[in-house]
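Have a look at the structure below, then the notes.
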Amino acid sequence: MDRQPPGGTDQPAAADGSLSCYRHPGREANIRCTRCDRPICPECMINASVGFQCPDCVRQGSGTGHGPAANQPRTVAGGSITADPRLVTKILLGINVAVYLAVLARGTTLVDELMLLGRATTHYGGPLEGVAEGQWYRLVTSMFLHQEVWHIAFNMLGLWWLGGPLEGALGRARYLTLYMISGLAGSALTYWLSAPVQGSLGASGAVFGLLGATAVLMRRLNYDMRPVFALLAVNLVITFNPWGGIAWQAHVGGLIAGTLIAIGMVHAPRERRALVQYGTCALVLAAVIFVVVARTAALT
């Protein structure tokens, strides 16, 4: 909608020659809107922090002339403040639990279909399967797959404790991007370094990405780093325990990706925030794709 420039000469005039309200021609207006400078009558005067504003400017949301969305409170990473800062975390947790219940119902059949596998047969005499055979979806489905109750319990506790505060600090879209790329990075590093016949599953890569991002965020906000360092140390000890059985590659891949993405998100300069954030995510994702393609070429 076009507007006249402030202080223009084409202001409406009342019958006695005084200024007329731009919304009610003929009504005397001795007050101007502090934003657009148009004359307004007492009916159109809305009390603002400084002076009075017209109804049109109030609907636009702020004194900058921008729309309301441009002036909403923002997170440290530029995301929108939401009423439920844990919504995405709850959805991710629900997906993991739903897949776990499906595994309980179908048994190892579903695990064989969804777990991360380089190139192998899932049963004697069966065909070759895995990412190298074109089953790219396994890189994602394995992120939501759990078989033991202790495994899903541990990962979901980590998701809840770390995910909620991160989602509130980053905003939903950035948080979901961080989670997914971290999980994919964990899958990619596992695919690259593990034996092609070795299966892998679990949300640990994504959760370790949240852990790395938490460390970056706490450092950015000048919080006490000792608790997160202690948590990281405990998890690394568990990761590299001598008993084996844990895909350390997923943990390391997710941790590196989550840390790098979080650095780009919370340290991006405001004037180039979108470019830096999108660029960081794109570079990490490109590295993930490169690793997957290179490993596939090596296996085939």
Side-chain angles (χ1 to χ4, degrees), residues 62 64 66 69-93 143 154-186 188-189 203-239 250-288:
S62 81
T64 63
H66 300 298
N71 303 279
Q72 292 177 351
R74 294 283 173 177
T75 68
V76 66
S80 301
I81 302 294
T82 58
D84 184 359
R86 288 180 179 264
L87 178 62
V88 175
T89 299
K90 293 174 183 176
I91 293 173
L92 291 171
L93 196 150
M143 294 165 47
F154 187 82
N155 281 338
M156 293 306 99
L157 284 174
L159 172 57
W160 183 255
W161 287 337
L162 298 171
L166 268 178
E167 182 179 346
L170 300 179
R172 290 173 180 170
R174 291 169 177 81
Y175 168 72
L176 181 59
T177 301
L178 169 73
Y179 183 92
M180 292 302 299
I181 296 181
S182 296
L184 284 172
L189 195 63
S204 302
V207 173
F208 264 74
L210 301 185
L211 181 58
T214 298
V216 172
L217 179 64
M218 292 182 67
R219 182 68 182 86
R220 169 69 172 79
L221 299 177
N222 293 320
Y223 287 172
D224 184 2
M225 297 295 294
R226 286 174 294 182
V228 73
F229 283 152
L231 181 61
L232 178 59
V234 170
N235 278 276
L236 288 177
V237 168
I238 296 174
T239 297
H251 294 190
V252 173
L255 181 65
I256 294 174
T259 301
L260 292 176
I261 293 172
I263 290 173
M265 286 187 174
V266 304
H267 289 286
R270 181 173 299 182
E271 61 274 11
R272 295 190 301 275
R273 176 179 284 160
L275 176 63
V276 172
Q277 291 178 342
Y278 294 151
T280 302
C281 293
L283 287 174
V284 175
L285 185 58
V288 169

Leu176 CG to Leu170 CG distance, which is reported to the nearest 0.5 Å: 11.5 Å

Check residues 253-272 and write down every donor-acceptor pair under 3.5 Å in which the side-chain atom is one partner and the other belongs to a residue at least two apart or another chain.
unit_1	atom_1	unit_2	atom_2	d
Thr259	OG1	Leu255	O	2.8

Nearest-0.5 Å distance that lies between atom CG in Leu231 and atom OG1 in Thr214: 8.5 Å

Any Tyr175 side-chain heavy atom under 4.5 Å of Leu92 side chain: yes

Point-to-point distance, once rounded to the nearest 0.5 Å, from CG of Leu210 to CD of Glu167: 10.5 Å

Residue list, side-chain contact (heavy atoms from CB on, under 4.5 Å) with Trp160, at least two apart or on another chain: Arg86, Thr89, Lys90, Leu93

Gap between atom CG of Leu166 and atom CZ of Arg174 - 0.5 Å precision: 13.5 Å

Partners meeting side-chain hydrogen bond (donor to acceptor under 3.5 Å, both in side chains) with Asn155 (sequence neighbours left out): His146, His151, Ser204

Considering all heavy atoms, the nearest Ala185-Val288 contact: CA-CG2, 3.7 Å

Spatial distance of atom CG (Leu236) from atom CZ (Phe208) [nearest 0.5 Å]: 6.0 Å

Partners passing side-chain contact (heavy atoms from CB on, under 4.5 Å) against Ile238 (at least two apart in sequence or in another chain): Phe154, Val234, Ile246

pair Leu184-Met143: side-chain heavy atoms closer than 4.5 Å: yes

From CG (Leu162) to OH (Tyr179), nearest 0.5 Å: 11.0 Å

Gln277 (side chain) donor-acceptor with Ala77 (main chain) under 3.5 angstrom: yes

Which residues share a side-chain contact (heavy atoms from CB on, under 4.5 Å) with Thr280, sequence neighbours left out: Val276

Salt bridge (Lys or Arg N to Asp or Glu O under 4.0 Å) contacts touching residues 209-234 (sequence neighbours left out): Asp224-Arg226

